Amino acid sequence: MTRAAEARPALSALPAPGRRRTAPPGLRLTLALGLVLVGASFAAAVAAPLLAPRDPEAADLRARLTPPAWARPGSPYLVGTDAIGRDILSRIIYGARVSLEVGLVSVAVSGVSGTALGLVAGYYGGWWDEVAMRLADLQLSFPFILFAIVVIAVLGPGLSRIILVLAVTQWASYARLVRSETLVVREADYIQAARALGVSDGRILWRHVLPNAVSAVSVLATLSVANNILLEAALTFLGLGVDPSVPSWGGMLADSRNYIQTAWWDSTFPGLAIMLTVMGFNLVGDWLRDRFSPRLQG
Amino acid sequence: MVRYIAARTAGAAIVLAAITLFVAFAIRLTGDPAVALFEGAGAPSRQDIERIQHAFGTDRPFVVQYAAFLAHGVRGDLGTSFRSGQPVTAMIADRAGATLLLAVGGMAVALAIAFPLGVYAATHRDALTDFLIRVASLLGLSFPNFWLGIMLILALAVRLRWLPPSGDAGPASLVLPSTTLGIILASTLVRLVRATLLDTLGQPYVRTARAKGLRELRVVVRHGLRNALLPVVTFIGLQFGGLLGGVVVLENVFAWPGLGQLALQAVSYRDYPVVQGVVVVLAVGVVLVNLLVDLSYGLLNPRVRVGP
């Protein structure tokens, strides 16, 4: 089926041409909230040394498992300390670095490589297209968690391995998406015209084909950042992820489990940080989807 | 239809071949198991290594090893654990029940949440319900599943002492893990139930049913829900791979003695035959479920058979 046929019902739902589509107020509010949350996590990651009240590594065994300041007035630790007396707030602020690094780098790597493959596969077709799409099918039918377990078992845990696992498992989504967008415009008049003028294939792909795919890719990429932050936290929590000595939200939650009976704050706040950051990216991604490509659902 | 079944089955076979090949190859990259056996026990002699390599069969070419792995695997022999010396198949059989129970329990909770809410949302289309559904599914998508598990332990096991926090001690132990899994799954399922039901309720035959004067409940259940079920069931079947991810993580949170725990322990002990066995068994399960969903979908809906 061609994309034009798929798109028809969605088009008829849009307002008449000429009238600019304005987002309902609720949507703009959620976008604002999303941007605030994403902005806060970026600020924490970039300015961690300025924002963190203490050294995230400094342990003080006399202050171990101190409750948050409001639960014990006079306590200098705003959201309490962990089992070896490190300041939880400072560790959360520094932990934003790991989450954002994994989320952004993995999406950049898989997004760029998947987009390039999809462009070439869709534009040239032929055996290359066939091979790339069958590989994508294979990749997508390998359950993520199993792939991650095998790769980490072989290579050992670590930040770079997590990014590798995420990038390798996700290029296929971008390749498929970009390929389908490319197929739509491949035979369009303006592409034919460019070809007739002798424009090189590389330039046609870059200037005339790629811009058509950018909005769909940006939606997928934003939602993937959210998802990858969750996956990194889960893998680190399982001991398959980031080195335990680096402050990370998943690692903090893993450490907190032995103290769940006595120190609720230790397992509450790092999770809250993950949730708010992920929610921020999800809100922005949802807004982009509603704005640019309503066809991309869930 | 025969062609459709043949094509799908061949596709699944290729996927399984590729996955097993990848897993077997990757596990061989981890180094020589004969050397690993001596780790921390002094330097072994060359003869010792060769003897053990011969016993493990790791002195043969990779292709031969892979063929032997497949041939044994098909007969239910996945090798023996480096650590415990037990057959991997027996260790997996021991744990598979717990994993299956958690998966089914989580799915049951998800259905029990998603269907009533989805139907309600589709039949009461107003700003408030739509808003609440959006917020709930956004929360579900943003919640780390393991953190939801920890928070439920904190509230229901530590504070209120209603349920055991972890382990496998009778049916009460299943409540927290399957609820956690179910809530996460339900957050996407609600949206799907709502969307598909809205779609079917807009069909002409539903208008006809209403025009006949049938009661609204009957229209929604018999004409709407029944036809909305197919895409929802398909979705559930295809979510199996993702469900597995949740199961592995939550087994860890709740110390639930399933296959995920077995695999994670094997990773930390570098017990590669066990890692390989569990991954292959779970991958086979996921691919088979997906194949069954594809086939039953083709059976129920002739239109998909012409697709690629």
Side-chain angles (χ1 to χ4, degrees), chain A residues 1 26 30 37 133-135 137-157 223 226-227 229-231 233-235 237-240 249-250 253-254 256-257 260-262 264 267-268 270-272 274-283 285-286 297-298, chain B residues 11-12 14-15 18-19 22-23 26-30 127 131 134 137-139 141-148 150-151 153-154 157-159 165 188 191-192 195 240-249 252-253 260 263-264 266-268 270 272 275-276 278-280 282-283 286-287 290 307:
Chain A
M1 191 157 53
T30 55
L37 291 173
M133 286 305 112
R134 290 297 82 78
L135 270 179
D137 287 347
L138 270 181
Q139 188 64 63
L140 292 172
S141 50
F142 199 155
F144 171 79
I145 187 77
L146 299 182
F147 186 80
I149 286 176
V150 172
V151 173
I152 304 292
V154 174
L155 299 180
L223 295 173
N227 197 37
I229 289 175
L230 281 180
L231 291 174
L235 289 176
F237 179 77
L238 293 178
L240 300 174
W249 297 337
L253 284 171
S256 76
R257 299 165 69 188
I260 191 168
Q261 303 273 354
T262 46
W264 60 268
S267 46
T268 301
L272 212 56
I274 302 176
M275 196 190 79
L276 292 175
T277 305
V278 170
M279 193 190 280
F281 281 101
N282 274 332
L283 283 170
D286 277 349
Q297 282 297 326
Chain B
I14 292 173
V15 168
I19 291 180
F22 170 77
V23 174
I27 293 296
R28 293 293 172 277
L29 289 181
T30 53
F131 176 74
R134 256 185 108 96
S137 93
L138 178 73
L139 278 175
L141 284 173
S142 308
F143 244 101
N145 50 10
F146 55 99
W147 187 55
L148 180 62
I150 293 174
M151 290 297 104
I153 291 176
L154 203 56
V158 174
R159 282 287 146 108
T188 40
R191 279 212 271 194
L192 185 75
F240 207 73
L243 171 71
L244 191 66
V247 170
V248 170
V249 175
N252 187 270
V253 173
L264 291 178
V267 170
S268 65
R270 302 161 132 283
Y272 297 118
V275 176
Q276 172 176 278
V278 175
V279 169
V280 167
L282 289 175
V286 170
V287 171
N290 286 350

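Here is the naming used below: chain letters follow the sequence lines, and residue numbers restart at 1 for every chain. Values reported hereafter were calculated over all heavy atoms of this structure, with side chains retained and with hydrogens, waters and symmetry mates removed. Just so you know, these numbers come straight off a predicted model, no measurement behind them.
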Interface residue of largest heavy-atom contact number with chain B, from [options], under 4.5 Å:
{"options": "A/Thr277, A/Leu283, A/Thr268", "result": "A/Thr268"}
{"options": "A/Ile260, A/Ile152, A/Val151, A/Leu276", "result": "A/Ile260"}
{"options": "A/Ile274, A/Leu235, A/Leu223", "result": "A/Ile274"}
{"options": "A/Phe147, A/Phe144, A/Trp249", "result": "A/Phe147"}

Can you tell which of [options] has the highest number of heavy-atom pairs within less than 4.5 Å of chain A?
{"options": "B/Val286, B/Val278, B/Leu154", "value": "B/Leu154"}
{"options": "B/Pro144, B/Gly245, B/Ala12", "value": "B/Pro144"}
{"options": "B/Val287, B/Val248, B/Val275", "value": "B/Val248"}

Report which part of [X] has an atom under 4.5 Å of a heavy atom belonging to chain A: side chain, backbone, both, or neither.
{"X": "B/Val280", "result": "neither"}
{"X": "B/Val15", "result": "both"}
{"X": "B/Asn290", "result": "neither"}
{"X": "B/Leu264", "result": "side chain"}
{"X": "B/Phe143", "result": "both"}

Side chain / backbone / both / neither for [X] at chain B, heavy atoms under 4.5 Å:
{"X": "A/Phe281", "answer": "neither"}
{"X": "A/Ala233", "answer": "both"}
{"X": "A/Leu240", "answer": "side chain"}

Item to check | Side-chain heavy-atom pair B/Leu141, A/Met279 within 4.5 angstrom cut-off | outcome: no
Next on the checklist: Would you say that A/Leu272 contacts B/Met151 through its side chain, given a criterion of any heavy-atom pair below 4.5 Å between the two side chains?
Outcome noted: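 No. Closest side-chain heavy atoms not under 4.5 Å.
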Rounded to the nearest 0.5 Å, how far does [atom2] of [Y] lie from [atom1] of [X]?
{"X": "A/Leu146", "Y": "B/Leu244", "atom1": "CG", "atom2": "CG", "result": "5.0 Å"}
{"X": "A/Asp286", "Y": "B/Ser137", "atom1": "CG", "atom2": "OG", "result": "7.5 Å"}
{"X": "A/Arg257", "Y": "B/Asn252", "atom1": "CZ", "atom2": "CG", "result": "4.5 Å"}

Checklist outcome for this item: When every non-hydrogen atom of A/Asn282 is compared with those of B/Ser142, the smallest separation belongs to ND2-OG, 3.2 Å
Checklist entry - Which pair of non-hydrogen atoms, one from B/Ala26 and one from A/Val150, has the smallest distance, and what is that distance? => result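 Result for this residue pair: CB-CG1, 3.7 Å.
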Checklist entry - Does B/Trp147 use its side chain to pair, donor to acceptor, with the backbone of A/Ser267 at less than 3.5 Å? => result yes
Next on the checklist: Once you measure the plane-to-plane angle for B/Phe22 and A/Phe142, does it fall in the parallel (<30°), tilted (30-60°) or perpendicular (>60°) bin?
Outcome noted: perpendicular
Next on the checklist: What verdict does the side-chain contact (heavy atoms from CB on, under 4.5 Å) test give for A/Leu238 and B/Phe146, after you've listed the backbone C-alpha separation in whole Å, the side-chain angles of each residue and the deciding distance to 0.1 Å?
Outcome noted: CA-CA 10 Å; A/Leu238 293 178; B/Phe146 55 99; over 6 Å; no
